[in-house]
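Just below is one structure, and these are the notes that go with it.
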Amino acid sequence: MPVQRADIEEELARVLSGAAFANAERARSILEYVVNREVSGDGARIKAYAIATDVLGRSDDFDPASDSIVRVEVARLRQALDLYYATEGTDDPVRIVLERGSYRPAFVVAEKPADRASPRDRLISADLASPYLLLVLLTASAIAGFAAHWALYPARERLAEVELALEMHGPRIIAMPFANITGAPEDDVLAAGLTVDTIAEVARFRWLVVVAGSALPSAGNSGAGAIGKTSPPGDYRIVGQLRRSSDKLAVSAQLEDVRSRTVIWADTFNATLSATDLIHIQREIARAIALAVAPPGGIIGRLEQERSRRDTTASLAAYQCVMRTYVYWRSFSAAEHAKLRDCLERAFEADPDYAEGLAALAFVTLDEYRYQYNQREGYDPVERAADYARQAMDVDPLSALAAQASFTIAVYQGDRESFEHIGRAALENNPNDSDLLADYGQKLALTYGDWATGIALIQRAWTLNPNPPAWSYIGPAYHAYVEGRFRAALDLINRAGSNRQVNFLLLRAAVAYRLGDRAETADALAKLKQEGLGSASATDVAIARLLLYPDLHEELERDVEAAFKRDSEAS
């Protein structure tokens, strides 16, 4: 039976007044706009261009192909709708649904409890089976309603929703409520705020699945006393507690491996409180916890990458193939590239809607061009990589890895405007993702010559991640080279320890030549020959594929050619 307009308008008012939309002004505006257009019979005109110009204030020359703001904001709107219908909107008689791939809303009559075949079927039919279902991106104002909902919600239905979330990709992180050890009632708000902010910060890293411990039927005795007493369905668990004495705050947090019941990370954060900076301190502590455990280069990422490296089975889960991508990026080995490409392509066939997998496949496919690895006939690797990157962004516009793949492709397609637009939006959405910061910074510096901004971003990335990936050293090493600090450049190359990546090998040969170090030059050229670059003409082609800005390109090419010439004369 068609849903009546009056019922839709009532439902819209309920949704917009919900806690999930309390601090989501753009999501509120977009939802109100698309619903009103649809019920007025003007739904066919709901396009990205119309939303951008009518709601988001973009000018008439807005281009949806180069500006992803509508996709990003509608993805956030879907998050808010998922959260609303997973909490306070569970019993609403009508539901507003925004299917992926469309900006037009649909309206469905919610099933009555007696008509529901199963909690899982109900969730899927309502389009709540999304990666955002239990990523609790809540504001403090939503805490009380969320907790009350879960306390009253039937345990078997809560468990079904949790099980559904755990079918998502990636390691599963249970974020337990922080315990108020002091016991003062006024500190309960601080404990709840720390819990919510920690979940929000961890959930920025889209390769993880984050589940709120308060959503678990078994989490009734949360906090320090619950450690070891419950077995929530997850791979890792964050537990924390706070103590306050007068204006002194101490927050302890630890990460447990649920499978082995071992503590794999722990830290304590101390602060002096005041009424004016309480929220700032709370957020900074939550951010510090997230940065320790959640980035691909953090505690969990390193553990998962090592597990994927040791796994020699032919068929791996899609996210394990993504973990192998990070292992490959340590060495950039052609042999590892072939294995990884096979792994990711099998994963794509089995699971074509995994954003991180698509983004990793875009990078690996691009390497067929930029490093000439394991080339195959029948397609242009840059164009194929671009297709994978576009699909990744369509699946998850907020994924940092998808954004990295997209702005990297934009560089290779000569589209600086798209590169900068995608990069800036990604940094806004993921301000603490060190890999994203370093990658965008390096491309700004090496391809476009913006050393000031690029090196600043890399330095910030290194501040966030004290153990940065080897590839992140290439920008600072080239910076030292162009400034004539050749010994510093060589030190950075050696610190990276990436003996196979062509970028490093070419720079090492140039720097060794400029230092007049014949032994170092000969060793660098020998390694280039091992990679199939045994002449100046071959290295000229390789340098061209690095897309360095013109002055840097010419300088590197000149010094590598001189290194080959001197080596030839010496022999």
Side-chain angles (χ1 to χ4, degrees), residues 295-297 326 328-332 363 366-367 370-371 400-401 403-412 414 416 419-420 422-424 426-427 430-512 514-515 524 539 542-557 559-560:
Y326 289 98
Y328 159 68
W329 283 337
R330 297 176 196 168
S331 65
F332 285 90
F363 275 115
L366 183 63
D367 286 355
R370 57 180 175 177
Y371 303 132
L401 192 61
Q404 281 180 253
S406 296
F407 67 59
T408 299
I409 299 299
V411 169
Y412 278 84
R416 180 172 183 174
F419 162 78
E420 292 189 349
I422 296 167
R424 290 195 197 104
L427 291 178
N430 307 276
N432 298 320
D433 191 309
S434 59
D435 284 6
L436 176 68
L437 286 161
D439 194 16
Y440 184 65
Q442 298 213 116
K443 290 177 172 61
L444 273 177
L446 297 176
T447 300
Y448 301 112
D450 186 351
W451 288 108
T453 307
I455 294 299
L457 287 171
I458 296 168
Q459 289 173 340
R460 171 163 167 72
W462 284 359
T463 300
L464 294 171
N465 180 9
N467 299 297
W471 56 260
S472 70
Y473 285 90
I474 197 67
Y478 270 92
H479 189 222
Y481 168 68
V482 299
E483 290 189 335
R485 297 181 289 113
F486 303 121
R487 181 58 61 186
L490 188 59
D491 288 344
L492 286 164
I493 293 168
N494 291 333
R495 193 184 308 173
S498 185
N499 294 319
R500 286 176 171 161
Q501 191 178 2
V502 170
N503 225 332
F504 283 104
L505 297 178
L506 290 165
L507 182 59
R508 186 179 173 209
V511 167
R514 295 293 290 271
L515 286 169
T539 55
I543 291 170
R545 288 197 299 269
L546 298 179
L547 301 187
L548 305 175
Y549 68 90
D551 288 350
L552 177 56
H553 180 150
E554 291 172 12
E555 185 174 1
L556 182 65
E557 190 176 82
D559 285 344
V560 172

State whether the side chain of Y481 and the backbone N or O of L490 hold a donor-acceptor pair below 3.5 Å, judged by distance alone.
no

Donor-acceptor contact present, side-chain T447 to main-chain L547, <3.5 Å:
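It does hold such a pair.
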
Would you call the rings of W329 and Y326 parallel, tilted or perpendicular, taking 30° and 60° as the class edges?
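Geometry flag for Y326 against W329: perpendicular rings.
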
Students often mix this up, so state it plainly: with edges at 30° and 60°, are the rings of Y473 and W462 parallel, tilted or perpendicular?
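Y473 and W462: tilted rings.
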
Can you tell if the side chain of [X] reaches within under 4.5 Å of the side chain of [Y], non-hydrogen atoms only?
{"X": "Y328", "Y": "D367", "value": "yes"}
{"X": "L446", "Y": "W451", "value": "yes"}
{"X": "L506", "Y": "I543", "value": "yes"}
{"X": "W471", "Y": "D439", "value": "yes"}

With sequence neighbours excluded, what pairs up with R514 under the salt bridge (charged side-chain N to carboxylate O under 4.0 Å, His left out) test?
E555, D559

Please test D491 against R487 for salt bridge (Lys or Arg N to Asp or Glu O under 4.0 Å), starting from the C-alpha separation and ending with a verdict.
CA-CA 6 Å; D491 288 344; R487 181 58 61 186; 5.2 Å; no

Who pairs with F504 by ring-ring contact (aromatic ring centres under 6.0 Å, His included), at least two apart in sequence or on another chain?
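Result, ring-ring contact (aromatic ring centres under 6.0 Å, His included) vs F504: none returned.
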
With a cut-off of under 6.0 Å to the ring centre and 45° to the axis, is R416 in cation-pi contact with Y448?
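Positive - R416 is close enough to the ring of Y448 and near enough to its axis.
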
Closest heavy-atom pair and its distance - Y412, R545:
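The answer is OH-O, 3.1 Å.
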
